[in-house]
Amino acid sequence: MRAAVCPVHGGPDVVRTVELPVPEPADGEALVRVDVAAVNFPDVLLIAGRYQVDVRPPFVPGSEYAGTVVAVRGDVGDLAVGDRVTGTGLVGAFAERVAAPAATLRRIPDGMTAATAAAAGVAHRTAHHALRSMARIAPGDRLLVLGAGGGVGLAAVQLGTAMGARVTAVASTAEKLAATTRYGAEVTVRHGDGDLRELLRAAVPDGHDAALDPVGGALAEPALRTLRRGGRFVTVGFASGVIPRIPLNLVLVKGVRILGFQFQDVPADEFARTEADLAELLASGQVTPHVGAVYPLDDAATALRHVADGRAVGKVLIRVGT
């Protein structure tokens, strides 16, 4: 099979497409023929050896994919050959075949394309659970989204709007901000136009009820300062590459809550409800992932560079199958 491989740690350009043996599924696993994979920023960090989990080369990068089950082994529940599925994992997605535990695979609803399923697997699930379970978004809330043109950010704009929030989108370019407007952002701010705190204060004088931050770095503190008393600040990652240092006096004085999101922190019953809600939104077309670029498998390194350089608008996909 053809697969993109990271032979050594480094920049995206180290990735090469090579021939590898088809993996054999272990007991309780399914072999999936991959149609589409999606690129996420942690993929870039793993290739560089800068992620919080170290994967030693050589390895096949890619954490998100959609395709069809072509073989199963052992007890895989009601999963069967021919099922259309989407899955996530630390690595392995940028290949024509993936062997994955059945428990990590979800059926793709009828009417949903593989591209939509792959594009929504990480970004939309992260944004939806973070907004529901951590930010506790309610209709009428003022929601601030940093990195609003990226995968998680643009998903948060879409989903926050669907929840009835009034969204302020912060991004680095006019192109990204235009995309946020198409998906419901009420206010847009380009953070390179001046001091972000002052820009946000001018745009939304009354402040925000919640903020979602997949960026970190220098944007986090000014975003936190715009929160109203009792506001919720949810961090989901550090795409800037810099972990911010937050003055705790702001937390004390403003009475805000700073929350970190990880899937395993959501109670099981709430997790199941939120997953079902998101599946309905996607299957019905009420929410559709924005795909900003699609590359063939042979251009996996270029796709990774697109994300690494901060040029992605929405999701970047890799077309694996024919």
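Given the structure is predicted, the values throughout are model-derived calculations rather than measurements.
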Item to complete: Kindly indicate whether the side chain of Val91, heavy atoms from C-beta on, has any atom under 4.5 Å from the side chain of Val60.
Response: no
Worksheet, complete the sentence: Here the gap from Arg201 atom CZ to Leu199 atom CG, rounded to the nearest 0.5 Å, amounts to 11.0 Å
Worksheet item: Quick one: do Val215 and Val313 end up in the same hydrophobic cluster if we chain Ile, Leu, Val, Met, Phe, Trp and Tyr together by side-chain heavy atoms under 4.5 Å apart?
Response: no
Fill in: Leu281 backbone acceptor or donor facing Ser284 side chain under 3.5 Å
yes
Discussion item. The test is side chain to side chain contact (heavy atoms under 4.5 Å, CB included); show your working for Val316 and Arg311 and say whether it passes.
Written reply: CA-CA 10 Å; Val316 173; Arg311 294 185 290 114; over 6 Å; no
Discussion item. Using 0.5 Å steps for rounding, measure from the CG atom of Asp209 to the CZ atom of Arg136.
Written reply: 15.0 Å
Discussion item. Side-chain heavy atoms nearer than 4.5 Å, only ILVMFWY residues, links allowed to pass through others: does that put Ile318 and Ile108 together?
Written reply: no
Practice prompt. Determine whether Phe59 and Val18 fall in the same hydrophobic cluster, where Ile, Leu, Val, Met, Phe, Trp and Tyr are linked whenever their side-chain heavy atoms lie under 4.5 Å apart.
Written response: yes
Discussion item. Is it the case that over 12 heavy atoms from other parts of the model lie below 6.0 angstrom from the CG atom of Asp75?
Written reply: no
Worksheet item: Apart from Val122 itself, which Ile, Leu, Val, Met, Phe, Trp or Tyr residues share its cluster (side-chain heavy atoms under 4.5 Å, direct or through members)?
Response: none
Discussion item. Using every non-hydrogen atom in the two residues, find where Ala119 and Val291 come nearest and quote the distance to one decimal.
Written reply: CB-CG2, 4.3 Å
Practice prompt. Answer whether the closest heavy-atom distance between the side chains of Pro244 and Glu221 falls below 4.5 Å.
Written response: no
Discussion item. Evaluate Val145 against Thr180 for side chain to side chain contact (heavy atoms under 4.5 Å, CB included), listing each step before the verdict.
Written reply: CA-CA 10 Å; Val145 179; Thr180 69; over 6 Å; no
Discussion item. For Ile47, is there any backbone N or O sitting under 3.5 Å from a side-chain donor or acceptor partner on Arg50?
Written reply: no
Item to complete: Would you indicate whether the side-chain heavy atoms of His128 and Met163 approach each other to under 4.5 Å?
Response: yes
Discussion item. Looking at Asp110, I want to see if its CG is surrounded by more than 12 non-hydrogen atoms of other residues, nucleotides or ligands under 6.0 Å.
Written reply: no
Worksheet, complete the sentence: Separation between OG1 (Thr168) and CG (Leu143), nearest 0.5 Å, reads 7.5 Å
Worksheet entry | Same apolar cluster (I L V M F W Y, side chains within < 4.5 Å links), Val55/Leu20 | yes
Discussion item. Please find the pair of heavy atoms, one from Ala130 and one from Leu212, that lie closest to each other, and give the distance.
Written reply: CB-CD1, 3.8 Å
Practice prompt. Using modelled atom types only, decide if a donor and an acceptor are shared between the side chain of Lys254 and the backbone of Arg225 within a distance under 3.5 Å.
Written response: yes
Item to complete: Decide yes or no on side chain to side chain contact (heavy atoms under 4.5 Å, CB included) for Arg33 and Arg97, but give the supporting numbers first.
Response: CA-CA 5 Å; Arg33 182 186 68 233; Arg97 300 289 188 274; 3.1 Å; yes
Worksheet item: Between the side chains of His290 and Gln158, does any donor sit under 3.5 Å from an acceptor?
Response: no
Practice prompt. Can you spot which of Val236, Leu131, Val152 makes a side-chain contact (heavy atoms from CB on, under 4.5 Å) with Phe261?
Written response: Val236
Fill in: Interatomic spacing from OG1 in Thr235 to CD in Gln262 - rounded to 0.5 Å
10.0 Å
Practice prompt. Indicate the atoms forming the closest heavy-atom contact of Val44 with Ala308, along with that distance.
Written response: CG1-CB, 3.7 Å
Item to complete: With sequence neighbours left out, write down each residue that passes ring-ring contact (aromatic ring centres under 6.0 Å, His included) with Phe238, or none if nothing qualifies.
Response: none
Item to complete: State, yes or no, whether a side-chain contact exists between Thr116 and Pro289 at a heavy-atom distance under 4.5 Å.
Response: yes
Worksheet item: Just by distance, do the side chain of Asn40 and the backbone of Asp43 share a donor-acceptor pair under 3.5 Å?
Response: no
Fill in: Remaining members of hydrophobic cluster (4.5 Å side-chain criterion), Val256
Leu224, Leu227, Phe233, Ile246, Leu248, Leu250, Val251, Ile258
Practice prompt. Return yes if some donor-acceptor pair links the side-chain N/O of Asp195 with the main-chain N/O of Glu198 below 3.5 Å, else return no.
Written response: yes
Worksheet item: Does Thr161 reach the main-chain N or O of Val167 with its side chain, forming a donor-acceptor pair under 3.5 Å?
Response: no
Fill in: Exceeds 12 heavy-atom contacts within 6.0 angstrom, atom CD of Glu24
no
Worksheet item: Are any side-chain N or O atoms of Thr86 and backbone N or O atoms of Tyr65, one a donor and one an acceptor, separated by less than 3.5 Å?
Response: yes
Worksheet item: Rest of the hydrophobic cluster containing Leu252 (Ile/Leu/Val/Met/Phe/Trp/Tyr, side-chain heavy atoms under 4.5 Å)?
Response: none
Practice prompt. For atom CZ of Arg2, decide whether the heavy atoms of other residues, nucleotides or ligands shown that lie under 6.0 angstrom number more than 12.
Written response: yes
Worksheet item: How long is the span from the CZ atom in Phe263 to the CD atom in Glu275, to the nearest 0.5 Å?
Response: 7.0 Å
Discussion item. Looking at Ala135, is its backbone amide N or carbonyl O close enough to the side chain of Arg232 to form a donor-acceptor pair, meaning the two atoms are under 3.5 Å apart?
Written reply: yes
Practice prompt. Give a yes or no on whether Glu175 atom CD has more than 12 heavy-atom contacts from other residues, nucleotides or ligands under 6.0 Å away.
Written response: no
Worksheet item: Do you know which two heavy atoms are closest between Ala123 and Lys315, and how far apart they sit?
Response: CB-CD, 4.0 Å
Practice prompt. State whether Arg228 and Asp141 are salt-bridged, where the test is any N-O pair (Lys NZ or Arg NE/NH1/NH2 against Asp/Glu carboxylate O) under 4.0 Å.
Written response: no
Practice prompt. Verify the cluster assignment for Val307 and Val5: are they in a single hydrophobic cluster under the rule of side-chain heavy atoms below 4.5 Å apart?
Written response: yes
Worksheet item: Looking at CG of Leu144 and CZ of Arg166, how far apart are the two atoms once the value is rounded to the nearest 0.5 Å?
Response: 14.0 Å
Practice prompt. Provide the closest heavy-atom pair for Val15 versus Leu304 in the form atom of the first, atom of the second, distance.
Written response: CG2-CD1, 3.8 Å
Item to complete: Could you tell me whether the side chain of Arg73 and the main chain of Pro25 form a donor-acceptor pair under 3.5 Å?
Response: yes
Worksheet item: Listed by chain and number, what are the ring-ring contact (aromatic ring centres under 6.0 Å, His included) partners of His191, not counting sequence neighbours?
Response: none
Worksheet item: Any side-chain heavy atom of Val76 within less than 4.5 Å of one from Glu29?
Response: no
Discussion item. What I'd like to find out is whether the side chain of Phe94 reaches to under 4.5 Å of the side chain of Leu297, using heavy atoms alone.
Written reply: yes
Item to complete: Could you give me the CA-CA distance, side-chain angles and deciding distance for Glu270 and Arg132, then say whether salt bridge (Lys or Arg N to Asp or Glu O under 4.0 Å) is met?
Response: CA-CA 9 Å; Glu270 185 173 356; Arg132 285 279 191 206; over 6 Å; no
Worksheet item: Charged N to carboxylate O below 4.0 Å: is that the case for Arg125 and Glu64?
Response: no
Fill in: Donor-acceptor contact below 3.5 Å, side chain Arg142 vs main chain Ala211
no
Discussion item. Is there a side-chain contact between Val98 and Pro23 in this structure, where contact means two heavy atoms from C-beta onward sitting under 4.5 Å apart?
Written reply: no
Worksheet entry | Stepwise side chain to side chain contact (heavy atoms under 4.5 Å, CB included) check, His9 with Arg56 | CA-CA 8 Å; His9 283 146; Arg56 304 308 302 171; 3.5 Å; yes
Fill in: Counterpart residues, side-chain contact (heavy atoms from CB on, under 4.5 Å), relative to Val8 (two or more places apart)
Val14
Worksheet item: Any side-chain donor paired with an acceptor under 3.5 Å for Thr226 and His208?
Response: yes
Response to the item:
Heavy atoms of Ala185 and Val157 approach each other most closely as N-CG1, 3.8 Å
Worksheet item: Are side-chain heavy atoms of Val39 and His306 found at a separation under 4.5 Å?
Response: no
